[in-house]
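This report concerns only the one structure given below.
Indexing begins at 1, ligand by ligand and atom by atom, following the structure's order.
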Amino acid sequence: MELKDLFEAIVDGKLEMAVAVTKGAVSDGIQPDEIITDYMIKAMEEIGKQFEEGRVFVPNLLMSARAMKGALDILRPLLRGRQDMYVGKIVIGTVKGDLHDIGKNLVASMFEGCGFEVINLGVDVSSDKFIKTVAESHADIMCMSALLTTTMNYMKVVIEDLKKAGLYGKVKVMVGGAPITASFARSIGADGYTSNANAAVVMAKQLIGVN
Ligand code: B1M
């Protein structure tokens, strides 16, 4: 089996195949970053395109997501293995109304792999839950993810509630997800936006003054 079979396995929603090819790639010494960026993310983009064109439907998305998660589970311990020092604490979640978590979990894994302690709140996270967790954990950074144009505006609600709770400025706020842009992030008062998981780690370190 070759790595291009991983792309096909995720697009076709074949979990066992995705896991087998990923295990093979790892034992061949291929770096997790390459497997994720060049095959797994590209496969999710492809299934998204097919969905947009009406060629596949929600059950297909779910099967692809399951295959992607299975493959990512193989790589996650390797990403964690890079950790050599504690950098800071991050609270991360997908905002209320939104159930997309693949990208958010990838970002969370990259943070963990680079030395951050991560509190992953999951999906459909309310403003109350974000704020309570930030307050109790004394997190350095709060990260919000949204994949839907209908849910991205909830990020502003959370930031407004953060202000009311007196935490705005005390915790750095980062946002991300396919529909988010740098100008949207600025307009809602976020401290940072990145389009992908690697850049999120670089920005998080910059925001808290660690190299
Ligand atoms: Co949905 N979905 N989905 N979906 N889905 C999209 C997002 C969509 C673009 C598909 C399309 O039409 N082309 C579209 C949104 C349209 C819009 O809002 N403009 C859409 C829709 C419409 C829907 C439903 C409404 C469909 C329906 O029911 N009719 C529904 C909504 C459910 C809900 O959330 N309430 C729905 C449901 C689902 C599934 C549950 C079936 C499944 C998600 C499963 C899961 O996540 N567990 C799903 C999927 C898989 C997708 C696509 C195909 C793939 C998303 C993905 O995982 N990408 C997606 C199409 C697409 O994106 N091309 C689509 C791979 C992932 C690695 O990328 O999440 O972008 P991404 O994360 C990146 C960056 O964005 C960034 O880093 C990550 C890694 O590089 N990033 C951050 C993400 N979060 C960050 C946070 C940060 C920083 C960076 O914090 C600092």
Side-chain angles (χ1 to χ4, degrees), residues 7 10-13 15 18 32-33 35-73 75-76 79 88 90-114 116 118-125 130 139-155 158-159 171-182 184-185 188 190-208:
F7 176 91
I10 293 177
V11 172
D12 295 342
L15 170 67
D33 287 7
I35 303 173
I36 292 170
T37 310
D38 294 349
Y39 299 92
M40 294 165 67
I41 292 183
K42 288 216 164 83
M44 293 310 292
E45 285 169 2
E46 173 59 24
I47 192 76
K49 190 165 147 268
Q50 293 185 11
F51 176 72
E52 209 166 333
E53 292 167 358
R55 288 192 279 143
V56 298
F57 303 97
V58 171
N60 303 86
L61 295 189
L62 279 170
M63 288 176 69
S64 293
R66 200 171 67 109
M68 167 98 181
K69 274 188 178 166
L72 195 57
D73 284 347
L75 300 178
R76 194 167 288 122
L79 296 173
I90 290 185
V91 169
I92 187 166
T94 302
V95 297
K96 191 171 167 184
D98 202 320
L99 304 177
H100 296 85
D101 67 356
I102 295 174
K104 181 263 298 168
N105 287 342
L106 196 51
V107 174
S109 295
M110 293 297 277
F111 280 142
E112 281 176 346
C114 295
F116 285 95
V118 176
I119 303 175
N120 190 338
L121 298 177
V123 296
D124 194 21
V125 181
F130 269 117
D140 302 292
I141 303 176
M142 183 184 86
C143 290
M144 291 185 279
S145 178
L147 266 282
L148 298 171
T149 46
T150 47
T151 57
M152 59 191 271
N153 292 315
Y154 192 73
M155 292 174 165
V158 181
I159 290 176
V171 60
K172 299 290 180 191
V173 179
M174 287 176 63
V175 292
I180 311 300
T181 60
F184 172 79
I188 60 169
D191 298 291
Y193 152 79
T194 61
S195 64
N196 63 68
N198 287 322
V201 172
V202 174
M203 176 169 283
K205 287 183 174 175
Q206 278 169 358
L207 286 175
I208 59 171

Using a 4.0 angstrom limit on heavy atoms, which residues are close to ligand 1?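 Contacts of ligand 1 under 4.0 Å: Ile41, Met44, Gly48, Phe51, Glu52, Val58, Leu61, Leu62, Ala65, Lys69, Gly97, Asp98, Leu99, His100, Asp101, Ile102, Gly103, Leu106, Val107, Cys143, Met144, Ser145, Leu147, Leu148, Thr149, Met174, Val175, Gly176, Gly177, Ala178, Thr194, Ser195, Asn196, Ala197.
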Does Asn60 form a side chain to side chain contact (heavy atoms under 4.5 Å, CB included) with Met63? I'd like the steps, not just the answer. CA-CA 5 Å; Asn60 303 86; Met63 288 176 69; 5.8 Å; no
Heavy-atom check, side chain of Asn105 versus side chain of Arg76, under 4.5 Å: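 Asn105 vs Arg76: side chains touch.
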Taking all non-hydrogen atoms of both residues into account, name the closest pair between Ala18 and Ala71 and its distance. O-CB, 4.2 Å
Testing the basics here: between Leu147 and Ala178, what is the closest heavy-atom pair and its distance to 0.1 Å?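 For Leu147 and Ala178, the tightest heavy-atom pair comes out as CD1-CB, 3.8 Å.
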Determine whether Leu79 and Glu112 satisfy the following criterion, side chain to side chain contact (heavy atoms under 4.5 Å, CB included), listing intermediate values before the conclusion. CA-CA 8 Å; Leu79 296 173; Glu112 281 176 346; over 6 Å; no
Kindly write out the residues that satisfy side chain to side chain donor-acceptor pair (under 3.5 Å) with Asp98, not counting sequence neighbours, or none if the list is empty. His100, Thr151
